[in-house]
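Have a look at the structure below, then the notes.
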Amino acid sequence: MTLPHDQLWPRAGAWPPPEDGRWDAAIVGVPAFRTSLSPTGAHATPAAIRDALRRYSPTLLGPPAVDLDEVLRIADAGDVDEPDGPVGEASVRSTVAQLRERADLVIALGGDNSLTYAVAQGAGAAGLITIDAHFDLRDGVSNGSPVRRLVEDGLDGRRIVQLGIADFANSVAYARRASEYGITVVTMDDLRRRGADDVAAEALEIAGAGGGLVHLDVDVDVCDRSVAPGCPASVPGGLAAWELRALVRALAADTRLHSADIAEVDATADAPDGRTVRLGALCVLELLAAKASGKVTS
């Protein structure tokens, strides 16, 4: 895309590859798609999000107004090649683990929701928060099973919080499974009633109980289909874009959260204006904004 140039209006994105030293945040693409329950072009999404980031500035208005690129060291590690399957998941784990050694926050650009399994493990997460309309507790290996797989591999279900679980998008069997695992579920209705700050505070206390790192899974299909048409499973009545952005920033502001993924956006099925991909890009910026908040003083 061709965008106007203004030296006084810098654009987000186009971050350099990781170099020596510590980084505040590292971006990595995880274009998983081969085990999706519905046909998807989610492997095209990491590149699309990077393009969409250029439509936005890295500026927080504050006050004071600050440029994220001036207060944070941000790197882009490129994409994990062929992240699906056992070999691909091992590569994702290794890549994320290496980035976590040098970056305070790792942001994985999906890809379908299957990436959450390997990304959370690579980040060494002891707690998990999902923003998702679905439980993702299905049997087998797919974008509908990462939470179940994490529990079966040893993640304590009592340190999992699922935000935005929606009516008519799940089954009684999986609701019972969530209860059996000890997962804390905040339904879409409860989330709206309570608000982002209240829900985020509870989720972080539960997922962060006992110490250790917390991983955040941002499944954009939690949003209303009018703002997320590029998510195969989004439905009418989901979250508004501003609600998702507020929740992401509230969660990422906590020092216990050190990794996150953006999942379930199919860039090839988006609206002509690219609204779903653009929302994914804004979620990346919200994650960065939260991490910058501790570095900015008025």
Side-chain angles (χ1 to χ4, degrees), residues 30-43 45 80 82-94 96 108 110-188 191 203 206-207 214-223 228 231-235 238 259-266 269:
V30 184
F33 78 105
R34 298 189 186 280
T35 64
S36 179
L37 293 169
S38 55
T40 184
H43 55 296
T45 302
V80 176
E82 293 292 337
D84 291 296
V87 174
E89 289 176 343
S91 182
V92 172
R93 286 190 203 94
S94 175
V96 172
D112 70 27
N113 220 152
S114 64
L115 89 158
T116 301
Y117 171 68
V119 172
Q121 289 185 331
L128 172 68
I129 300 171
T130 73
I131 308 175
D132 195 340
H134 310 95
F135 286 114
D136 288 348
L137 293 172
R138 291 176 182 264
D139 294 328
V141 176
S142 70
N143 61 332
S145 68
V147 178
R148 191 213 85 243
R149 296 178 70 197
L150 285 167
V151 172
E152 290 187 351
D153 278 5
L155 183 62
D156 187 348
R158 294 169 299 180
R159 293 190 59 177
I160 298 174
V161 184
Q162 299 197 277
L163 310 178
I165 301 298
D167 292 336
F168 316 121
N170 295 281
S171 72
V172 170
Y174 293 126
R176 288 172 177 162
R177 181 172 287 182
S179 178
E180 291 166 0
Y181 286 164
I183 293 172
T184 299
V185 175
V186 180
T187 66
M188 183 79 70
L191 175 55
I206 294 170
V214 175
H215 177 76
L216 173 63
D217 164 38
V218 182
D219 184 334
V220 182
D221 75 18
V222 74
C223 285
C231 295
S234 62
V235 298
S259 59
D261 65 68
I262 311 294
E264 285 300 311
V265 176
D266 177 355

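Below, all heavy atoms of this structure are taken into account, side chains as well, without hydrogens, waters or symmetry copies.
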*asked:* As a test of understanding, state which of Arg149, His215, Arg93 forms a side-chain contact (heavy atoms from CB on, under 4.5 Å) with Gln121.
replied: Arg93
*What closest approach, in Å, do Pro146 and Ser142 show between heavy atoms, and which atom pair accounts for it?*
CD-O, 3.7 Å
*Spell out, as yes or no, whether a donor-acceptor pair under 3.5 Å connects the side chain of Ser38 to the backbone of Pro232.*
no
*Enter the distance from His43:NE2 to Asp112:CG here, rounded to the nearest 0.5 Å.*
11.0 Å
*Is Glu89 reaching over with its side chain to a backbone N or O of Ala118, donor-acceptor style, under 3.5 angstrom?*
no
_Separation of Gln162 CD from Thr184 OG1 (nearest 0.5 Å)_ = 9.5 Å
*Could you tell me whether the side chain of Leu137 reaches within less than 4.5 Å of the side chain of Ile183, counting heavy atoms only?*
yes
_Nearest heavy atoms of Ala42 and Asp266, plus distance in Å_ = N-OD1, 3.9 Å
*asked:* Between Arg34 and Gly85 (side chain of the first, backbone of the second, donor and acceptor by atom type, cut-off under 3.5 Å), is there such a pair?
replied: no
*asked:* If you compare all heavy atoms of Cys223 against all heavy atoms of Ser234, which two are closest, and at what distance to 0.1 Å?
replied: O-CB, 3.6 Å
*For the residue pair Phe33 and Thr45, establish whether any side-chain heavy-atom pair is separated by less than 4.5 Å.*
no
*Would you find a donor on one side and an acceptor on the other, under 3.5 Å apart, between the side chain of Asp132 and the backbone of Asp217?*
no
_When you measure from the side chain of Asn113 to the backbone of Ser145, do you find a donor-acceptor pair of N or O atoms at a distance under 3.5 Å?_
no
_Closest heavy-atom pair and its distance - Pro31, Asp84_ = O-OD2, 4.3 Å
*Can you tell me how far OG1 of Thr116 sits from CD of Glu264, rounded to the nearest 0.5 angstrom?*
8.5 Å
*What are the two closest non-hydrogen atoms of Val141 and Thr35, and how far apart are they?*
O-CB, 3.7 Å
*Enter the distance from Asp261:CG to Leu115:CG here, rounded to the nearest 0.5 Å.*
4.5 Å
*State the CG-CG distance between Leu216 and Leu128, to the nearest 0.5 angstrom.*
8.5 Å
*Report the residues that fulfil side-chain contact (heavy atoms from CB on, under 4.5 Å) with Val151, sequence neighbours left out, ordered by chain and then residue number.*
Ile160, Tyr181
*Taking C-beta and beyond as the side chain, do Arg148 and Asp136 meet within less than 4.5 Å on heavy atoms?*
no
*Please name the residue in the list Thr130, Ile131, Leu163 that meets the side-chain contact (heavy atoms from CB on, under 4.5 Å) test with Val222.*
Ile131
*Note, Thr187 side chain near Asp167 side chain (heavy atom, < 4.5 Å)*: no
_Gap separating the CD atom of Glu152 from the OH atom of Tyr117, nearest 0.5 angstrom_ = 9.0 Å
*asked:* Side chains of Val147 and His134, heavy atoms from C-beta outward: is any pair under 4.5 Å?
replied: no
*Any donor-acceptor N/O pair, Asn143 side chain to Leu37 backbone, under 3.5 Å*: yes
*Grab the two heavy atoms, one from Pro83 and one from Val92, that are nearest each other, plus how far apart they are.*
CB-CG2, 3.6 Å
